[in-house]
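Structure first, commentary second.
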Amino acid sequence: MKHAAVHQANVTDVSFDLRKGEVLGFFGLIGAGRTEIMEMIFGLRPYDGEIRIDGERADIRDPATAIAHSIGFVTEDRKGQGLVLGMTVRENFSLTHLAEYCTLDFVNQGQESDRCKSFVRRLGIKTPSIEQKTFNLSGGNQQKVVIAKWVARRPRILIVDEPTRGIDIGAKAEVHALLSRLAQDGLSSS
């Protein structure tokens with residue numbers, strides 16, 4: 001993937017390449033444009049320039065198009081944008097891929113629950129039940145639910161903006177280890 005943006009929200013002349021299995025980090029002071037770049041790639045902000053995926057131009061102007069290009073986005077604001085706090089772990093988990101469990105407008109909750117439980121185990125989400133409301137989870141476990149819902153879509157590229165913001169030191173290490181494992185499995189993230 002290659003992205004170049006010009007003159008948008010303090011972002012100028014940005015260019016980078018991301019390859020399969022890589023974790024690409026962006027850092028900078030508040031206002032440096034890091035979040036804006038992530039939001040441009042996911043179609044949440046307009047940009048001048050181009051995004052290329054596998055050498056082909058990808059005209060991403062909205063999140064639906066980014067998702068169609070197999071891009072996921074873990075926002076830095078998990079409580080305001082990443083989760084519906086009043087919904088359960090299961091309901092939040094399937095928000096990005098609910099259609100996989102639907103037939104004739106009916107949700108196969110057994111299939112949805114089985115897959116959610118699998119991700120709870122795989123990602124080490126500490127919850128008494130997948131029916132637990134997400135507002136009752138710790139910050140680190142909320143973040144893992146956000147990551148799980150995107151990883152379950154099997155994106156080729158996962159944008160993870162400030163993945164350890166507002167979580168304790170132990171959970172930070174777990175999230176970093178999780179992202180490293182996902183990269184080893186072939187997922188690219190930035």
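Rounding to the nearest 0.5 Å places CD1 of Ile60 at 4.0 Å from CD1 of Ile51. Between the OG1 atom of Thr35 and the CD atom of Glu39 there is a distance of 6.0 Å, given to the nearest 0.5 Å. Atoms CZ and OG1, from Arg90 and Thr127 in turn, are 12.0 Å apart once rounded to the nearest 0.5 Å. Distance CE/Met87 to OG1/Thr134: 8.5 Å, rounded to 0.5 Å. Atom CD of Glu162 and atom OG1 of Thr75 lie 10.0 Å apart (nearest 0.5 Å). Considering NZ of Lys20 and CD of Glu22, their distance stands at 12.5 Å, rounded to 0.5 Å.
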List the steps, then state whether side chain to side chain contact (heavy atoms under 4.5 Å, CB included) holds for Leu83 with Gln142.
-> CA-CA 8 Å; Leu83 295 169; Gln142 287 176 350; 3.6 Å; yes
Quick one: do Phe42 and Ile67 satisfy side chain to side chain contact (heavy atoms under 4.5 Å, CB included)? Show the steps, please.
-> CA-CA 8 Å; Phe42 196 65; Ile67 291 168; 3.9 Å; yes
side-chain hydrogen bond (donor to acceptor under 3.5 Å, both in side chains) between Thr88 and Gln132, worked out | CA-CA 5 Å; Thr88 67; Gln132 178 74 30; over 6 Å; no
Run the numbers on Tyr101 and Gln109 for side chain to side chain contact (heavy atoms under 4.5 Å, CB included), then give the verdict.
-> CA-CA 7 Å; Tyr101 313 111; Gln109 286 189 352; over 6 Å; no
Test salt bridge (charged side-chain N to carboxylate O under 4.0 Å, His left out) on Glu100 and Arg154 and set out the steps.
-> CA-CA 12 Å; Glu100 289 182 28; Arg154 297 176 288 284; 3.5 Å; yes
Check the pair Ser113 / Ile130 against side chain to side chain contact (heavy atoms under 4.5 Å, CB included), numbers first and verdict last.
-> CA-CA 8 Å; Ser113 293; Ile130 62 170; 3.7 Å; yes
Using atom types as modelled, flag every donor-acceptor pair under 3.5 Å from a side chain in residues 116-123 to any protein atom, sequence neighbours excluded.
none

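Judged by distance alone, with hydrogens and angles left aside, the side-chain atoms of Asn108 form no donor-acceptor pair with the main-chain N or O of Cys102 at under 3.5 Å. The backbone N or O of Val146 sits nowhere less than 3.5 Å from a side-chain atom of Arg78 that would complete a donor-acceptor pair.
Between Asp62 and Arg45 there is no salt bridge, since none of the side-chain N atoms of the basic residue sits less than 4.0 Å from a carboxylate O of the acidic one. Salt bridge absent: Lys79 and Asp77 never bring a charged side-chain N and a carboxylate O closer than 4.0 Å. At a threshold of 4.0 Å, the pair Lys126-Glu174 counts as salt-bridged, since one of the basic side-chain nitrogens sits closer than that to a carboxylate oxygen. A salt bridge between Asp161 and Arg34 is present, with a side-chain N of the basic residue lying under 4.0 Å from a carboxylate O of the acidic one. Ion pairing between a basic and an acidic side chain is recognised when a charged N comes within 4.0 Å of a carboxylate O; Arg52 and Glu50 show such pairing.
Closest of all the heavy-atom pairs between Ile167 and Gly139 is CG2-C, 3.2 Å. Scanning both residues, Gly43 and Pro63, for their nearest heavy atoms gives O-CD, 3.6 Å. Nearest heavy atom pair, residue Val145 against residue Val89, reads CG2-CG1, 4.1 Å. Here the closest non-hydrogen pair linking Trp150 and Ile71 is CZ3-O, 4.2 Å. Among all heavy-atom pairs drawn from Asp168 and Gly170, the shortest one is OD1-N, 3.0 Å. A pairwise comparison of heavy atoms in Ala58 and Ile53 identifies CB-CD1, 4.0 Å as the closest pair.
In this view, His176 satisfies the ring-ring contact (aromatic ring centres under 6.0 Å, His included) rule with no residue, not counting sequence neighbours.
With a 4.5 Å cut-off on side-chain heavy atoms, His97 and Arg115 count as touching. The shortest distance between side-chain heavy atoms of Arg156 and Asp54 falls below 4.5 Å. Side-chain contact check for Gln143 versus Val74: some heavy-atom pair is nearer than 4.5 Å.
Transitive grouping of hydrophobic side chains (ILVMFWY, heavy atoms separated by less than 4.5 Å) keeps Leu95 and Leu44 in distinct clusters. Neither Phe73 nor Val84 shares a network with the other; the hydrophobic side chains, linked directly or stepwise wherever heavy atoms of I, L, V, M, F, W or Y lie under 4.5 Å apart, form separate groups for each.
Using modelled atom types, one finds a donor on one side chain and an acceptor on the other under 3.5 Å when comparing Ser94 with Glu112.
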